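Okay, structure first, notes after.
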Amino acid sequence: MKQRVSALLREKLGRDLVLEKPRDRSHGHFATPIAFSLAKELRKSPVMIAEELATSFGEVEEFASVEAVKGYLNFRLSEKFLAEYASWALDNPSDFAKGDNKEKILLEFVSANPTGPLHIGHARGAVYGDTLYRLAKHLGYDITAEYYVNDAGNQIDLLGLSIQLYARENILQEESVEYPESYYRGEYLDALAKGAQEHFGIEIFNDTTRQKELAMWAKDKVMEIIVESLSNTKIHFDTFVNESELYSDWDRVMAKMGNNVYEAEGKLFIRSESKGDDHDRVVVRDDNRPTYLAGDIVYHNQKFERGYDHYINIWGADHHGYIPRVKAAIDFLGYDSNKLEVLLAQMVSLLKDAEPYKMSKRAGNVILMSDIVDEIGSDALRFIFASKKSDTALEFDLAEFKKQDSSNPIFYIQYAHARIQTLLSKATVSQEDIKEASLKDLGENADTLLFHALLLPEIVEDAFVSRQVQKLPEYLKTLAAALHKFYYDVRMIGSEDEAKLLKLLLVVALSIKTGLSLMGIDAQDRMVKEEDA
RNA sequence: GCGCUCGUAGCUCAGCUGGAUAGAGCACUGGUUUGCGGUACCAGCGGUCACACGUUCGAAUCGUGUCGGGCGCACCA
């Protein structure tokens, strides 16, 4: 819709211009302050310019009016244009708000280490990534969702050790198990230890030489736990890449880096300082063990060799300092690091009874993503996280999280959709009457609601392109509000305009349902009242 | 100390390609259709958009600085 208007204006005025949606509907559906910027070069007042432009438009099918007001140029869309667009959407519901982008994108997100279940902090990046993915798919992009599994290195060894320690204390009932400074703890170790006992036999717990073997078995089990909790939240991945399988390419990749890596003090360094990093980084330690960065170098090389137009990584904000060295590596490998876009998901901090709740994976007092899903459901979790700008730290109280009333906007939106379904089920006119009804002469309020519902395509596009997914839930909230108000103001069933009013509601329902599905949420046809516990 | 990031209503947050009177939800106060689900609707209360300067016809939005919060500054991931 907006694209169409933009294109029309470009054709008429011969230039691109800012198009906005005025808050005040008396200013039309779209408006532009173009006359202000033209004022200087034309040496005329904006008011005059706007008036000249307005009169120069003449008759355009898409516009009911073009008015100049105080220097602004306000456009009112014609009923015909809106009605035709709405009818098209209802006839092609699965194409509504779709796009025809062709770009090939690799989106990497979550990528949590397979050393423990996902916690609430991971959930934010997971929801953000999956929402972007759904938006991109809908817009036609050829996008792949990928999970990078860090199944090599210290943390995996630590997992093996942690299981042994846990088993020695809780299964072998040893009295004095000595714990090192860092190891993992948490409820999940219990299942892992028991599983390992069944799989390997009890003797593996005291055999330090078999720590690695135990760890490699355990990380697959942990991945199963992770994937299950992702799928319970309808978060989908197309591909998983294991770090441990990338090192066979090591020599070849290092050769590509050329003299951008060098040896010193028995270690291998990368010249990242020359690319804006604080200093050069160690890639391989003097005992020959690769650092974390080494894995990311071979991984990003592999990504670029696979050949995408654009790469998006979603990282926790605490990793932002890591960006320069990865970009440096990509440049050194001979690729364009500008193709890599790193989006940061800010930390989530929890309040429990209004007190900050400190989480530490090592201490084992984490809030698991699966616990939250059990308590409030996937829909509410997704909605809450998708509603907040990802790069802003988010703070919420666990008690608020548990609320299942209207303070949770997901209920408000679902109720709007359910209301429409209820009305449709009470219709006194036929489906055919509704389908054939004209959307003209509906009056100002209905026109506003229709316009609002047809705005979804712009919102979807904007939300993805700007990577600001919260624009979608924000839009759905205001659309739901408009629907509720309309419902309150206008009696529809039995009205002489019933067919056209219900057709209008169908458009609103389509928009809500499509919008929710892009957030991984199913629209409901009925609201089930929560029982008071 | 250096870098990144954020600072909008009592609380949680939108708004930020500069544009017409700064928004929502929650909380608080008061209302609502002889009718479609009151899980709704309306109104009131509440703001020096952290502060200062600058750019501009116009700044919550852009720039610089100050103050304050978060994060990073590993051969940990």
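No experiment lies behind these values; they were computed from the predicted model shown. The chains referred to below are lettered A, B, ... by the order of the sequence lines, with proteins before strands, and numbering in each begins at 1.
Using bins of under 30°, 30° to 60° and over 60° for the plane-to-plane angle, the ring pair A:Tyr412/A:His484 lands in the tilted bin.
Counting any heavy atom pair closer than 4.0 Å across all strands shown, A:Arg289 reaches no nucleic acid atom. Counting non-hydrogen atoms under 4.0 angstrom, A:Val490 reaches a base of the nucleic acid. Within 4.0 Å (heavy atoms only), A:Ala39 reaches no atom of the nucleic acid at all.
Because its NZ or CZ atom is not both nearer than 6.0 Å to the ring centre of A:Tyr128 and within 45° of the ring axis, A:Arg124 does not count as a cation-pi partner of that residue.
When rounded to the nearest whole Å, the span between NE2 of A:His484 and C1' of B:C36 equals 14 Å. A straight line from NZ of A:Lys389 to C1' of B:U5 spans 11 Å, rounded to a whole angstrom. One can place CD of A:Gln468 at 9 Å from C1' of B:C16, the figure rounded to the nearest angstrom.
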Trace of the salt bridge (Lys or Arg N to Asp or Glu O under 4.0 Å) decision for A:Lys389 with A:Asp391
CA-CA 6 Å; A:Lys389 246 188 330 196; A:Asp391 59 358; 5.0 Å; no
Working note: A:Phe30 + A:Phe451, criterion ring pair (Phe, Tyr, Trp, His ring centres under 6.0 Å); need CA distance, chi angles, decisive distance, verdict.
CA-CA 11 Å; A:Phe30 291 107; A:Phe451 174 69; 5.6 Å; yes
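Residue A:Arg419 has no polar side-chain atom (N or O) positioned under 4.0 Å from OP1 or OP2 of B:C41. Between A:Asn113 and B:A77 there is no side-chain N or O to OP1 or OP2 distance below 4.0 Å. Phosphate proximity of B:G15 to A:Gln470: present, with a side-chain N or O under 4.0 Å from OP1 or OP2.
Between the side chain of A:Asn74 and the base of B:A20, at least one donor-acceptor pair of N or O atoms lies under 3.5 Å. At a cut-off of 3.5 angstrom, the base of B:G72 holds no donor-acceptor pair with the side chain of A:His319.
For the P atoms, the distance linking B:G72 with B:G63 amounts to 25 Å, nearest Å.
Base pairing annotation: B:G7 forms a Watson-Crick or G-U wobble pair with B:C67, both donor-acceptor distances under 3.5 Å.
Here the nucleotide nearest the side chain of A:Lys388, chosen from B:A20, B:C13, B:U39, is B:C13.
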